[in-house]
4 protein chains.
Amino acid sequence: MKIVGIGGSLRPNSTSYQALEIAIERVKLLGVEVEILDLRKMNLPFCHGGEDYGDYPDVEKLWESVKAADGLILATPEYHGGVSGVLKNALDLMSFEHLAGKVTGVISVLGGQVNSNALNELRLIMRWVHGWVIPEQIAIGQSWKAFDPSGKIIDAKLSERFDKFAQSLVENTRKIRGIS
Amino acid sequence: MKIVGIGGSLRPNSTSYQALEIAIERVKLLGVEVEILDLRKMNLPFCHGGEDYGDYPDVEKLWESVKAADGLILATPEYHGGVSGVLKNALDLMSFEHLAGKVTGVISVLGGQVNSNALNELRLIMRWVHGWVIPEQIAIGQSWKAFDPSGKIIDAKLSERFDKFAQSLVENTRKIRGIS
Amino acid sequence: MKIVGIGGSLRPNSTSYQALEIAIERVKLLGVEVEILDLRKMNLPFCHGGEDYGDYPDVEKLWESVKAADGLILATPEYHGGVSGVLKNALDLMSFEHLAGKVTGVISVLGGQVNSNALNELRLIMRWVHGWVIPEQIAIGQSWKAFDPSGKIIDAKLSERFDKFAQSLVENTRKIRGIS
Amino acid sequence: MKIVGIGGSLRPNSTSYQALEIAIERVKLLGVEVEILDLRKMNLPFCHGGEDYGDYPDVEKLWESVKAADGLILATPEYHGGVSGVLKNALDLMSFEHLAGKVTGVISVLGGQVNSNALNELRLIMRWVHGWVIPEQIAIGQSWKAFDPSGKIIDAKLSERFDKFAQSLVENTRKIRGIS
């Protein structure tokens with residue numbers, strides 16, 4: 001069983017990646033193989049609607065990693081009340097063969113008051129490609145005060161939500177994918 | 001009064017741009033100044049969440065054109081049941097100062113059965129940046145058979161919808177923006 | 001010019017109606033004729049999908065009042081992350097002839113953390129019937145602590161939002177409906 | 001294992017119930033206990049936001065049946081681009097104790113061109129109450145020509161979708177609920 005995380009921000013000190021790392025870390029503590037695809041370190045093109053991305057070896061890397069995954073964690077900053085174009089573009093580069101049947105947990109991070117628009121979008125997008133999204137989801141508002149300088153979550157209740165999120169993702173990926 | 005159109009596809013023979021051109025043409029026939037920002041010919045970066053895009057003069061071009069507009073037409077291919085990452089990224093590059101108060105018409109184009117997910121997303125995104133979206137909207141399903149080789153719409157009823165769309169956009173931009 | 005308010009709760013001490021009354025009061029202060037349709041005092045049936053509701057004179061009342069309105073305020077409790085069935089049913093009882101072209105402001109109220117799901121739904125529903133929804137919208141979270149015993153809003157910023165909401169609704173109803 | 005179906009229409013010849021009956025029938029053929037809660041034959045009140053519905057024994061019946069279910073099928077007419085108030089009200093009458101953890105399949109039926117707005121709403125509502133919604137979903141457009149006089153689906157492809165829908169619902173309810 002393998003869980004792959006993708007973040008939708010290109011910011012150096014991205015709180016989306018901080019949230020993603022915490023979620024992935026907790027999944028790992030449950031004994032599951034994990035991998036983060038850091039879009040800040042990958043060279044992905046804009047999706048042109050075709051299938052040939054030969055000039056971009058990182059597209060192949062994206063495809064391989066997601067194809068090999070049983071579950072996904074998608075973490076996006078909420079830009080203008082929606083999924084970031086960066087994350088949506090990465091999803092656009094993939095197709096049913098990579099995404100269908102994957103069990104996914106979704107996280108959004110925003111500077112203002114918490115909201116679930118981007119999470120709703122991700123839920124409908126993953127459904128479209130015949131994936132599953134777990135009911136547990138995490139929206140972090142006022143993200144600039146959510147983490148301490150070492151990257152830990154300050155609020156204990158929020159930290160607990162990450163535990164439940166990770167547990168549900170692992171447990172339900174196991175069930176839905178039939179992994180014993 | 002000026003209406004600016006943006007398409008969310010990078011495909012050379014994009015049906016989104018075909019639809020956008022038809023809509024913009026009809027707006028122009030109503031005596032309004034129009035401009036299409038063709039993302040296929042612009043060199044835009046992925047949004048990094050900051051404000052400095054000095055290396056990309058086309059970001060400045062995008063900002064200037066949209067700032068100067070009274071109304072917008074956004075045309076997107078529906079990828080995975082959502083707005084294309086290409087279009088969302090272009091919107092992410094902009095902010096309230098460019099988008100707020102603009103009166104917008106939205107169009108989506110998809111290969112399969114018609115659907116309004118991407119249009120719903122665009123409506124909520126434009127609301128988020130305090131823009132207006134006209135009630136008339138156009139979703140074109142099975143887009144590969146919607147246009148003839150010269151780019152004209154084959155279905156007469158669909159063509160009529162473009163007329164009503166253009167009329168509503170012009171009339172309501174005039175009203176909401178107080179242009180006499 | 002006339003603005004009609006409808007609330008989606010049947011609770012005796014409904015905070016949705018408290019919010020609605022405040023919004024309607026501020027619209028009234030701008031010199032506009034207002035009316036609240038209090039669903040708690042009306043005897044409306046469940047929508048059966050037909051057009052004959054002869055046994056329910058309040059359906060006729062609903063139709064007349066909304067038909068005569070230029071603008072609407074819809075205030076709903078958010079139940080299960082959506083518009084209340086009570087409000088949706090009242091909308092289902094109406095049709096294009098009552099709702100199309102109306103300029104609408106939407107408000108949601110919930111006990112937990114603020115969220116915009118119900119507002120998003122109302123925006124898409126009003127679009128469906130060819131209505132307009134103003135960009136300003138109000139979501140009140142933790143509603144049990146939002147009002148003082150006399151029904152006033154405690155938070156000054158939230159109170160300001162109601163002012164802007166009322167101003168935008170009146171100003172834009174005037175513009176879109178062409179009322180001088 | 002038990003699957004309960006609820007339809008959101010009160011129309012005597014409701015196509016939503018026709019669709020629901022077909023789906024439930026196919027689930028039954030897979031050896032699963034089924035029950036349809038026919039809202040046309042139940043006397044449910046509007047949700048008043050409280051918990052005491054002592055005067056309405058059918059509320060108790062609704063609660064018991066849904067509580068005892070492992071999975072649900074929700075079929076709604078799409079009214080004004082949304083879930084019917086009738087169905088939403090039935091859901092509002094229930095709570096986490098009835099709905100959480102249930103595995104759900106969603107169906108919508110509308111007279112016009114197919115659309116997934118009501119399905120999207122149902123997906124987000126069921127998520128809100130911590131339920132699961134299977135990726136397979138069915139939207140039937142132009143429903144007046146979808147069924148023959150005996151209630152059978154005319155289009156073979158649509159009929160196949162019902163098979164896959166029923167199979168996925170049964171298989172995944174088994175997996176997620178841990179039923180051997």
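These figures come from a predicted structure and were not determined experimentally. Chain A is the first sequence line, chain B the second, and so forth, proteins listed ahead of strands; every chain is numbered from 1.
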Toward chain D, the part of C:M126 with a non-hydrogen atom under 4.5 Å: neither
Hey, which of D:L87, D:L99, D:V129 has the most heavy atom pairs under 4.5 Å with chain C? D:V129
Greatest number of non-hydrogen atom pairs under 4.5 angstrom with chain C, of D:L91, D:L124, D:L39, falls to D:L91
Counting backbone as well as side chains, what donor-acceptor pairs lie under 3.5 Å between chain C and chain D?
from	atom 1	to	atom 2	distance (Å)
C:R11	NH2	D:G49	O	3.0
C:G49	O	D:R11	NH2	3.0
C:Y79	O	D:K88	NZ	2.8
C:H80	NE2	D:L91	O	3.0
C:H80	NE2	D:M94	O	2.9
C:V83	O	D:K88	NZ	2.9
C:G85	N	D:D92	OD2	2.7
C:K88	NZ	D:Y79	O	2.8
C:K88	NZ	D:V83	O	2.9
C:L91	O	D:H80	NE2	3.0
C:D92	OD2	D:G85	N	2.7
C:M94	O	D:H80	NE2	2.9

Side chain from CB out, backbone as N, CA, C, O: work out which of these in D:L44 comes under 4.5 Å of a heavy atom of chain C, or both, or neither. backbone
With sequence neighbours excluded, what pairs up with C:A75 under the side chain to side chain contact (heavy atoms under 4.5 Å, CB included) test? C:L20, C:I107
